[in-house]
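What follows is one structure encoded as structure tokens, with my remarks underneath.
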Amino acid sequence: MSALYAPTARPARKARAPRAARPTRATRATRATRAVESVLLVSGAALVPWLVVLATTLPPTAQVGHWNVAWAGLDALEALGLVATGLLRRRGDGRHRLTAAATCALLLVDAWFDTVTAAPGAELATALAMAVCAELPLAVVCATLALKTDRRTGRTDADTALRSETSPTTK
């Protein structure tokens with residue numbers, strides 16, 4: 001009688017062919033990162049011949065319209081960057097590193113263009129004094145803030161701020 005109630009064997013299934021391995025999320029992110037890096041590297045290398053063209057074909061002097069607007073705009077961006085960096089840093093917001101990096105770049109550009117566009121004499125002396133006494137020291141401060149790490153943990157300020165924002169608070 002037990003033979004009547006014994007479970008019957010199921011017919012064997014055909015073995016499926018293995019699926020083509022799909023790239024994992026990490027693999028796709030790595031590919032995207034490498035693509036961005038490649039674009040940056042190729043673009044930077046492509047600018048080298050263009051620099052040669054500019055250096056050999058641009059005139060040494062030029063009449064420029066809206067010169068005052070260009071310089072006032074650059075200085076306004078610097079002021080905005082310094083204030084934003086200070087306010088974000090005071091609030092403990094790790095994004096101050098981003099504004100510090102951008103402001104550092106603006107200050108370096110300002111110092112460079114001030115000195116290379118200044119006329120010889122008093123104008124050049126003023127440009128050099130501004131670069132040495134204001135723009136370059138502020139650029140160093142901004143670069144330091146952008147790259148600063150916590151001595152105790154080895155983490156950047158942004159990592160510390162992010163960790164404190166995402167960690168659960170105890171009441």
Side-chain angles (χ1 to χ4, degrees), residues 23-55 58 62 64-119 122-170:
T24 64
R25 181 174 289 178
T27 304
R28 287 190 300 263
T30 302
R31 286 181 186 161
T33 300
R34 290 189 188 264
V36 169
E37 292 165 352
S38 296
V39 168
L40 292 172
L41 291 168
V42 169
S43 298
L47 280 174
V48 173
W50 178 243
L51 292 172
V52 173
V53 170
L54 289 177
L58 284 176
V64 179
H66 307 293
W67 187 252
N68 57 342
V69 176
W71 284 110
L74 179 60
D75 286 348
L77 286 173
E78 291 170 6
L80 181 64
L82 290 167
V83 168
T85 300
L87 289 174
L88 288 170
R89 173 88 176 157
R90 178 168 282 171
R91 288 182 16 198
D93 191 331
R95 293 175 294 181
H96 76 276
R97 296 174 69 235
L98 299 173
T99 57
T103 306
C104 174
L106 288 170
L107 289 162
L108 292 174
V109 166
D110 192 5
W112 172 259
F113 281 106
D114 277 345
T115 56
V116 299
T117 60
E123 190 177 323
L124 180 58
T126 302
L128 287 171
M130 286 293 294
V132 170
C133 297
E135 294 156 347
L136 295 178
L138 282 171
V140 168
V141 168
C142 287
T144 302
L145 287 174
L147 300 172
K148 187 176 179 185
T149 57
D150 187 341
R151 291 181 189 165
R152 294 170 293 157
T153 63
R155 292 191 179 112
T156 62
D157 289 339
D159 294 338
T160 305
L162 181 62
R163 189 173 283 279
S164 66
E165 288 175 6
T166 58
S167 64
T169 57
T170 57

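- One finds the CH2 atom of W112 at 11.5 Å from the CG atom of L136 (value rounded to the nearest 0.5 Å).
- To the nearest 0.5 Å, atom CD of residue E37 and atom OG1 of residue T30 are 9.5 Å apart.
- Atom CG in D114 sits 7.0 Å away from atom CE in M130 (nearest 0.5 Å).
- Atom CZ of R97 is separated from atom SG of C142 by 13.0 Å, given to the nearest 0.5 angstrom.
- Here L145 contributes atom CG and R89 contributes atom CZ; the two are 5.5 Å apart, rounded to the nearest 0.5 Å.
- No side-chain donor-acceptor contact under 3.5 Å links S43 to the backbone of L40.
- A pairwise comparison of heavy atoms in T117 and E123 identifies O-OE2, 4.0 Å as the closest pair.
- Contact between L88 and H96 at its shortest, heavy atoms only, is CB-CB, 3.6 Å.
- Inter-residue side-chain proximity for L98 and T85 is flagged as unmet; no heavy-atom pair is nearer than 4.5 Å.
- Using modelled atom types, no side-chain atom of T115 and backbone atom of A127 make a donor-acceptor pair closer than 3.5 Å.
- Considering every non-hydrogen atom in both A131 and A111, the closest pair reads CB-CB, 3.9 Å.
- To the nearest 0.5 Å, the span separating OG1 on T103 from CG on L138 amounts to 9.5 Å.
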